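In what follows, a structure is listed as C-alpha coordinates, so that the remarks can point back to it.
Just so you know, ligand 1 is whichever comes first in the structure, and atom 1 is the first atom listed for that ligand. These numbers were taken from a predicted model, which means no experiment stands behind them.
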Amino acid sequence: MTQTYHSPVLLSECVEALSIRPNGTYVDLTFGGGGHSRAILEKLGASGKLFAFDQDADAQQNALDDTRFTLIASNFKHLKAQLRFFGCTSVNGVLADFGVSSHQFDTAKRGFSTRFDAPLDMRMSAQMKTTAADVVNTYSVDALAQLFRKYADLKNAFSIAKAIEKRRQSGAIVTTFELLEAVESVLYVPKRNQQNAQVFQAIRIEVNQELEAIEQMLVQLIDVVEEGGRVALMSYHSLEDRLVKNFIRASRVDGQIEKDFYGNPKLFFKKVGQPIEASDEELRLNPRSRSAVLRVAERVKNLYKES
Ligand SMILES: C[S@@+](CC[C@H](N)C(=O)[O-])C[C@H]1O[C@@H](n2cnc3c(N)ncnc32)[C@H](O)[C@@H]1O
(Lines give C-alpha, C1' and ligand atoms only; values in the text may rest on other atoms or scores of the structure.)
Protein backbone atom coordinates (compact mmCIF):
# COMPACT_ATOMS: atom_id res chain seq x y z
CA MET A 1 0.00 0.00 0.00
CA THR A 2 2.79 2.40 0.92
CA GLN A 3 4.53 1.91 -2.46
CA THR A 4 1.54 3.37 -4.28
CA TYR A 5 1.00 5.97 -1.55
CA HIS A 6 4.23 7.79 -2.47
CA SER A 7 7.63 6.97 -3.96
CA PRO A 8 10.28 8.68 -1.85
CA VAL A 9 12.45 11.21 -3.68
CA LEU A 10 16.27 11.36 -3.28
CA LEU A 11 15.99 8.56 -0.73
CA SER A 12 19.63 7.48 -0.38
CA GLU A 13 20.83 11.11 -0.66
CA CYS A 14 18.54 12.18 2.23
CA VAL A 15 19.62 9.34 4.48
CA GLU A 16 23.29 9.90 3.71
CA ALA A 17 22.90 13.65 4.33
CA LEU A 18 21.64 12.98 7.86
CA SER A 19 24.87 11.10 8.67
CA ILE A 20 22.88 8.94 11.08
CA ARG A 21 24.26 7.91 14.46
CA PRO A 22 22.82 4.50 15.35
CA ASN A 23 21.81 5.59 18.87
CA GLY A 24 20.63 9.05 17.85
CA THR A 25 17.17 10.64 17.74
CA TYR A 26 15.80 11.79 14.39
CA VAL A 27 12.71 13.54 13.02
CA ASP A 28 10.95 13.00 9.69
CA LEU A 29 8.75 16.10 9.41
CA THR A 30 6.77 14.81 6.41
CA PHE A 31 6.02 11.12 6.94
CA GLY A 32 3.59 10.50 4.01
CA GLY A 33 3.99 6.89 2.88
CA GLY A 34 6.94 6.48 5.26
CA GLY A 35 9.59 5.79 2.61
CA HIS A 36 12.20 8.06 4.19
CA SER A 37 11.25 7.00 7.73
CA ARG A 38 11.78 3.33 6.91
CA ALA A 39 15.23 4.05 5.49
CA ILE A 40 16.17 6.08 8.60
CA LEU A 41 15.03 3.25 10.89
CA GLU A 42 17.23 0.82 8.95
CA LYS A 43 20.26 2.91 9.95
CA LEU A 44 19.26 3.23 13.61
CA GLY A 45 20.31 0.76 16.30
CA ALA A 46 18.16 -0.62 19.11
CA SER A 47 18.38 2.58 21.18
CA GLY A 48 17.83 4.97 18.28
CA LYS A 49 14.54 6.87 17.98
CA LEU A 50 12.52 8.34 15.15
CA PHE A 51 9.66 10.83 15.51
CA ALA A 52 7.64 11.48 12.36
CA PHE A 53 5.05 14.19 11.69
CA ASP A 54 2.15 14.25 9.27
CA GLN A 55 -0.91 16.46 9.47
CA ASP A 56 -2.92 14.27 7.09
CA ALA A 57 -4.99 11.58 8.83
CA ASP A 58 -4.56 9.34 5.75
CA ALA A 59 -0.83 9.02 6.54
CA GLN A 60 -1.69 7.24 9.80
CA GLN A 61 -2.45 4.09 7.83
CA ASN A 62 1.26 3.85 7.01
CA ALA A 63 2.46 4.07 10.64
CA LEU A 64 5.42 1.75 11.16
CA ASP A 65 5.21 -1.07 13.64
CA ASP A 66 8.50 -0.43 15.42
CA THR A 67 9.09 0.44 19.08
CA ARG A 68 11.69 3.05 18.06
CA PHE A 69 9.09 4.93 16.00
CA THR A 70 6.43 7.52 16.97
CA LEU A 71 4.04 9.09 14.44
CA ILE A 72 2.77 12.51 15.52
CA ALA A 73 -0.47 13.61 13.86
CA SER A 74 0.31 17.32 13.80
CA ASN A 75 1.44 20.18 11.66
CA PHE A 76 5.24 20.39 11.83
CA LYS A 77 4.97 24.05 12.77
CA HIS A 78 4.45 22.69 16.31
CA LEU A 79 7.76 20.81 16.14
CA LYS A 80 9.27 21.91 19.45
CA ALA A 81 6.09 21.67 21.53
CA GLN A 82 5.17 18.27 20.12
CA LEU A 83 8.62 16.83 20.73
CA ARG A 84 8.56 18.17 24.27
CA PHE A 85 5.16 16.52 24.76
CA PHE A 86 6.80 13.21 23.83
CA GLY A 87 9.65 13.84 26.28
CA CYS A 88 12.22 14.90 23.70
CA THR A 89 14.08 18.22 23.91
CA SER A 90 16.77 17.79 21.27
CA VAL A 91 17.50 15.60 18.25
CA ASN A 92 20.45 14.62 16.05
CA GLY A 93 18.83 15.24 12.70
CA VAL A 94 15.71 16.48 10.91
CA LEU A 95 14.45 15.57 7.45
CA ALA A 96 11.78 17.44 5.48
CA ASP A 97 10.23 16.52 2.13
CA PHE A 98 7.84 19.43 1.60
CA GLY A 99 4.60 19.63 -0.37
CA VAL A 100 1.89 17.08 -1.07
CA SER A 101 2.20 13.32 -1.51
CA SER A 102 1.25 11.36 -4.62
CA HIS A 103 -1.56 9.87 -2.55
CA GLN A 104 -3.01 13.33 -1.91
CA PHE A 105 -2.72 14.28 -5.60
CA ASP A 106 -4.17 11.01 -6.81
CA THR A 107 -7.13 10.85 -4.41
CA ALA A 108 -9.79 12.54 -6.54
CA LYS A 109 -12.05 13.71 -3.71
CA ARG A 110 -9.24 15.72 -2.07
CA GLY A 111 -9.48 18.22 -4.93
CA PHE A 112 -5.71 18.75 -5.40
CA SER A 113 -5.58 17.61 -9.00
CA THR A 114 -6.76 19.21 -12.24
CA ARG A 115 -7.30 15.66 -13.56
CA PHE A 116 -10.43 14.86 -11.56
CA ASP A 117 -13.76 16.58 -11.09
CA ALA A 118 -14.11 16.92 -7.32
CA PRO A 119 -15.13 19.35 -4.58
CA LEU A 120 -12.66 22.24 -4.21
CA ASP A 121 -11.10 21.13 -0.94
CA MET A 122 -7.24 20.90 -1.09
CA ARG A 123 -6.80 20.75 2.69
CA MET A 124 -3.96 18.49 3.83
CA SER A 125 -5.62 18.26 7.22
CA ALA A 126 -9.34 18.15 7.96
CA GLN A 127 -8.59 20.44 10.90
CA MET A 128 -7.87 23.34 8.58
CA LYS A 129 -10.73 25.77 8.41
CA THR A 130 -10.33 27.22 4.95
CA THR A 131 -10.97 25.12 1.85
CA ALA A 132 -10.06 25.92 -1.74
CA ALA A 133 -13.74 26.76 -2.34
CA ASP A 134 -13.56 29.36 0.46
CA VAL A 135 -10.52 30.98 -1.16
CA VAL A 136 -12.02 30.99 -4.64
CA ASN A 137 -15.43 32.27 -3.57
CA THR A 138 -14.61 34.77 -0.82
CA TYR A 139 -11.25 36.39 -1.65
CA SER A 140 -11.31 39.77 -3.41
CA VAL A 141 -9.99 40.06 -6.97
CA ASP A 142 -6.85 41.76 -5.65
CA ALA A 143 -6.24 39.07 -3.03
CA LEU A 144 -6.67 36.32 -5.63
CA ALA A 145 -4.39 38.09 -8.10
CA GLN A 146 -1.75 38.45 -5.40
CA LEU A 147 -1.92 34.71 -4.67
CA PHE A 148 -1.48 33.78 -8.31
CA ARG A 149 1.41 36.20 -8.67
CA LYS A 150 3.16 35.37 -5.41
CA TYR A 151 2.68 31.60 -5.21
CA ALA A 152 2.71 30.68 -8.89
CA ASP A 153 4.45 33.58 -10.66
CA LEU A 154 1.55 33.86 -13.12
CA LYS A 155 1.96 36.90 -15.37
CA ASN A 156 -1.78 36.97 -16.12
CA ALA A 157 -2.68 36.77 -12.41
CA PHE A 158 -5.12 39.69 -12.52
CA SER A 159 -7.03 38.37 -15.57
CA ILE A 160 -7.37 34.98 -13.87
CA ALA A 161 -8.68 36.62 -10.70
CA LYS A 162 -11.16 38.73 -12.73
CA ALA A 163 -12.36 35.62 -14.59
CA ILE A 164 -13.04 33.91 -11.26
CA GLU A 165 -14.92 36.95 -9.98
CA LYS A 166 -17.03 37.10 -13.16
CA ARG A 167 -17.90 33.40 -12.97
CA ARG A 168 -18.88 33.50 -9.31
CA GLN A 169 -21.46 36.21 -10.01
CA SER A 170 -23.62 33.43 -11.43
CA GLY A 171 -23.13 31.16 -8.40
CA ALA A 172 -20.41 29.73 -6.20
CA ILE A 173 -17.55 27.76 -7.81
CA VAL A 174 -17.64 24.47 -5.95
CA THR A 175 -15.74 21.92 -8.04
CA THR A 176 -12.32 21.64 -9.64
CA PHE A 177 -13.79 21.47 -13.14
CA GLU A 178 -15.92 24.57 -12.52
CA LEU A 179 -12.75 26.42 -11.55
CA LEU A 180 -10.93 25.20 -14.67
CA GLU A 181 -13.86 26.29 -16.82
CA ALA A 182 -13.97 29.71 -15.13
CA VAL A 183 -10.34 30.51 -16.00
CA GLU A 184 -10.15 28.76 -19.37
CA SER A 185 -10.74 31.84 -21.53
CA VAL A 186 -7.88 33.85 -19.99
CA LEU A 187 -5.13 31.22 -20.13
CA TYR A 188 -2.57 31.11 -22.94
CA VAL A 189 -3.63 28.13 -25.01
CA PRO A 190 -0.21 26.50 -25.56
CA LYS A 191 0.48 26.65 -21.82
CA ARG A 192 -3.02 25.91 -20.56
CA ASN A 193 -2.21 22.70 -18.67
CA GLN A 194 0.79 24.24 -17.00
CA GLN A 195 -1.16 27.35 -16.01
CA ASN A 196 -4.05 25.29 -14.66
CA ALA A 197 -1.55 23.46 -12.46
CA GLN A 198 -0.07 26.79 -11.35
CA VAL A 199 -3.52 28.14 -10.41
CA PHE A 200 -4.14 25.01 -8.34
CA GLN A 201 -0.70 25.20 -6.76
CA ALA A 202 -1.25 28.80 -5.64
CA ILE A 203 -4.61 27.99 -4.07
CA ARG A 204 -3.20 24.88 -2.36
CA ILE A 205 -0.31 26.85 -0.83
CA GLU A 206 -2.79 29.40 0.51
CA VAL A 207 -5.27 26.84 1.86
CA ASN A 208 -2.56 24.98 3.77
CA GLN A 209 -0.54 28.06 4.72
CA GLU A 210 2.43 26.04 3.53
CA LEU A 211 5.08 28.74 3.58
CA GLU A 212 4.06 30.01 7.02
CA ALA A 213 4.35 26.48 8.43
CA ILE A 214 7.84 26.09 6.93
CA GLU A 215 8.92 29.49 8.29
CA GLN A 216 7.66 28.68 11.77
CA MET A 217 9.30 25.25 11.75
CA LEU A 218 12.69 26.39 10.43
CA VAL A 219 13.39 28.82 13.26
CA GLN A 220 12.66 26.07 15.80
CA LEU A 221 15.49 23.97 14.34
CA ILE A 222 17.97 26.22 16.15
CA ASP A 223 16.61 25.04 19.50
CA VAL A 224 15.77 21.48 18.54
CA VAL A 225 18.87 20.24 16.67
CA GLU A 226 21.92 19.39 18.78
CA GLU A 227 25.36 20.68 17.82
CA GLY A 228 26.81 18.42 15.15
CA GLY A 229 23.28 17.36 14.12
CA ARG A 230 22.14 17.59 10.52
CA VAL A 231 19.13 19.01 8.70
CA ALA A 232 18.17 17.72 5.22
CA LEU A 233 15.46 19.90 3.68
CA MET A 234 13.88 19.10 0.32
CA SER A 235 11.90 21.71 -1.61
CA TYR A 236 9.83 21.50 -4.79
CA HIS A 237 9.49 25.14 -5.77
CA SER A 238 11.50 28.32 -5.47
CA LEU A 239 9.42 29.83 -2.63
CA GLU A 240 10.13 26.88 -0.33
CA ASP A 241 13.73 26.72 -1.46
CA ARG A 242 14.29 30.42 -0.83
CA LEU A 243 13.19 30.05 2.81
CA VAL A 244 15.45 27.02 3.29
CA LYS A 245 18.40 28.72 1.59
CA ASN A 246 17.99 31.91 3.64
CA PHE A 247 17.67 29.95 6.84
CA ILE A 248 20.78 27.86 6.25
CA ARG A 249 22.81 30.94 5.31
CA ALA A 250 21.51 33.43 7.85
CA SER A 251 19.69 31.38 10.54
CA ARG A 252 16.65 33.50 9.66
CA VAL A 253 14.03 32.94 6.97
CA ASP A 254 14.23 36.53 5.71
CA GLY A 255 17.95 36.09 5.05
CA GLN A 256 18.89 39.08 7.26
CA ILE A 257 21.72 38.07 9.55
CA GLU A 258 21.09 39.09 13.13
CA LYS A 259 23.95 40.41 15.24
CA ASP A 260 24.55 40.17 18.95
CA PHE A 261 25.28 43.06 21.31
CA TYR A 262 28.93 43.16 20.15
CA GLY A 263 28.03 43.09 16.46
CA ASN A 264 28.90 39.41 15.97
CA PRO A 265 26.60 37.56 13.55
CA LYS A 266 24.34 34.95 15.10
CA LEU A 267 24.73 31.94 12.82
CA PHE A 268 23.77 28.46 13.90
CA PHE A 269 24.04 26.32 10.77
CA LYS A 270 26.87 25.53 8.40
CA LYS A 271 26.05 24.50 4.85
CA VAL A 272 27.09 20.94 3.95
CA GLY A 273 27.95 20.45 0.27
CA GLN A 274 26.00 21.83 -2.68
CA PRO A 275 22.25 21.54 -3.31
CA ILE A 276 21.40 18.03 -4.52
CA GLU A 277 19.04 17.26 -7.41
CA ALA A 278 17.74 13.98 -8.79
CA SER A 279 19.95 11.92 -11.09
CA ASP A 280 18.87 11.17 -14.68
CA GLU A 281 18.06 7.64 -13.56
CA GLU A 282 15.75 8.87 -10.76
CA LEU A 283 14.13 11.41 -13.10
CA ARG A 284 13.34 8.58 -15.49
CA LEU A 285 11.85 6.38 -12.76
CA ASN A 286 10.05 9.09 -10.77
CA PRO A 287 9.00 12.25 -12.65
CA ARG A 288 7.99 13.82 -9.32
CA SER A 289 11.68 14.17 -8.49
CA ARG A 290 12.01 16.70 -11.36
CA SER A 291 11.87 19.84 -9.25
CA ALA A 292 13.35 18.51 -6.00
CA VAL A 293 16.24 20.43 -4.42
CA LEU A 294 17.82 19.01 -1.28
CA ARG A 295 19.84 21.34 0.94
CA VAL A 296 21.86 20.04 3.85
CA ALA A 297 23.34 21.83 6.87
CA GLU A 298 24.96 21.06 10.19
CA ARG A 299 24.07 22.69 13.49
CA VAL A 300 27.09 24.50 14.90
CA LYS A 301 27.55 26.25 18.22
CA ASN A 302 27.85 29.63 16.61
CA LEU A 303 29.53 29.82 13.24
CA TYR A 304 31.18 33.17 14.01
CA LYS A 305 32.72 31.96 17.27
CA GLU A 306 34.04 28.77 15.66
CA SER A 307 35.93 30.49 12.87
C1 LIG B 1 6.01 14.88 -0.20
S2 LIG B 1 5.06 14.04 1.00
C3 LIG B 1 6.29 13.16 1.92
C4 LIG B 1 6.53 11.80 1.43
C5 LIG B 1 7.42 10.96 2.30
N6 LIG B 1 8.74 11.51 2.43
C7 LIG B 1 7.48 9.54 1.78
O8 LIG B 1 8.60 9.03 1.59
O9 LIG B 1 6.44 8.93 1.58
C10 LIG B 1 4.68 15.32 2.14
C11 LIG B 1 3.86 14.86 3.32
O12 LIG B 1 4.01 15.83 4.33
C13 LIG B 1 2.77 16.19 4.86
N14 LIG B 1 2.87 17.61 5.23
C15 LIG B 1 3.02 18.65 4.39
N16 LIG B 1 3.09 19.80 5.09
C17 LIG B 1 2.98 19.46 6.39
C18 LIG B 1 2.98 20.21 7.61
N19 LIG B 1 3.09 21.55 7.62
N20 LIG B 1 2.88 19.54 8.76
C21 LIG B 1 2.75 18.18 8.78
N22 LIG B 1 2.72 17.42 7.67
C23 LIG B 1 2.84 18.05 6.48
C24 LIG B 1 1.76 15.91 3.80
O25 LIG B 1 0.50 15.60 4.36
C26 LIG B 1 2.38 14.73 3.05
O27 LIG B 1 1.89 13.51 3.52
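- Residues that satisfy the salt bridge (charged side-chain N to carboxylate O under 4.0 Å, His left out) test with E240, not counting sequence neighbours, are absent from this structure.
- A salt bridge does not link R299 with E226: every distance from a Lys NZ or Arg NE/NH1/NH2 to an Asp or Glu carboxylate oxygen is 4.0 Å or more.
- Shown here are the ring-ring contact (aromatic ring centres under 6.0 Å, His included) partners of F53, two or more places apart in sequence or in another chain: there are none.
- Of the protein's non-hydrogen atoms, the one nearest atom 19 (N) of ligand 1 is N75 OD1, 3.0 Å.
- Side-chain contact of D134 with T131: a donor-acceptor pair under 3.5 Å is present, judged by distance alone.
- Polar contact with ligand 1: present for D97 (N/O pair, distance under 3.5 Å).
- Nearest protein heavy-atom neighbour of atom 10 (C) of ligand 1: G99 O, 3.2 Å.
- Residue D54 holds the heavy atom nearest to atom 26 (C) of ligand 1 of all those in D56, I214, D54.
- Inclusion of H6 in the set of residues having an N or O under 3.5 Å from an N or O of ligand 1 is not warranted.
- Looking only at protein heavy atoms, the nearest one to atom 15 (C) of ligand 1 is M124 SD, 3.3 Å.
- Atom CD of residue E282 and atom CD of residue E13 lie 6.0 Å apart, to the nearest 0.5 angstrom.
- In summary, E210 and R204 engage in a salt bridge, as defined by a charged side-chain N under 4.0 Å from a carboxylate O.
- Atom 3 (C) of ligand 1 has its nearest heavy-atom neighbour, among N62, L11, I72, T30, in T30.
- G33 N, 2.8 Å is the protein heavy atom nearest to atom 9 (O) of ligand 1.
- The heavy atom nearest to atom 2 (S) of ligand 1, out of those in S7, S101, P8, is found in S101.
- With hydrogens left out, the protein atom closest to atom 17 (C) of ligand 1 is Q55 NE2, 3.2 Å, a heavy atom.
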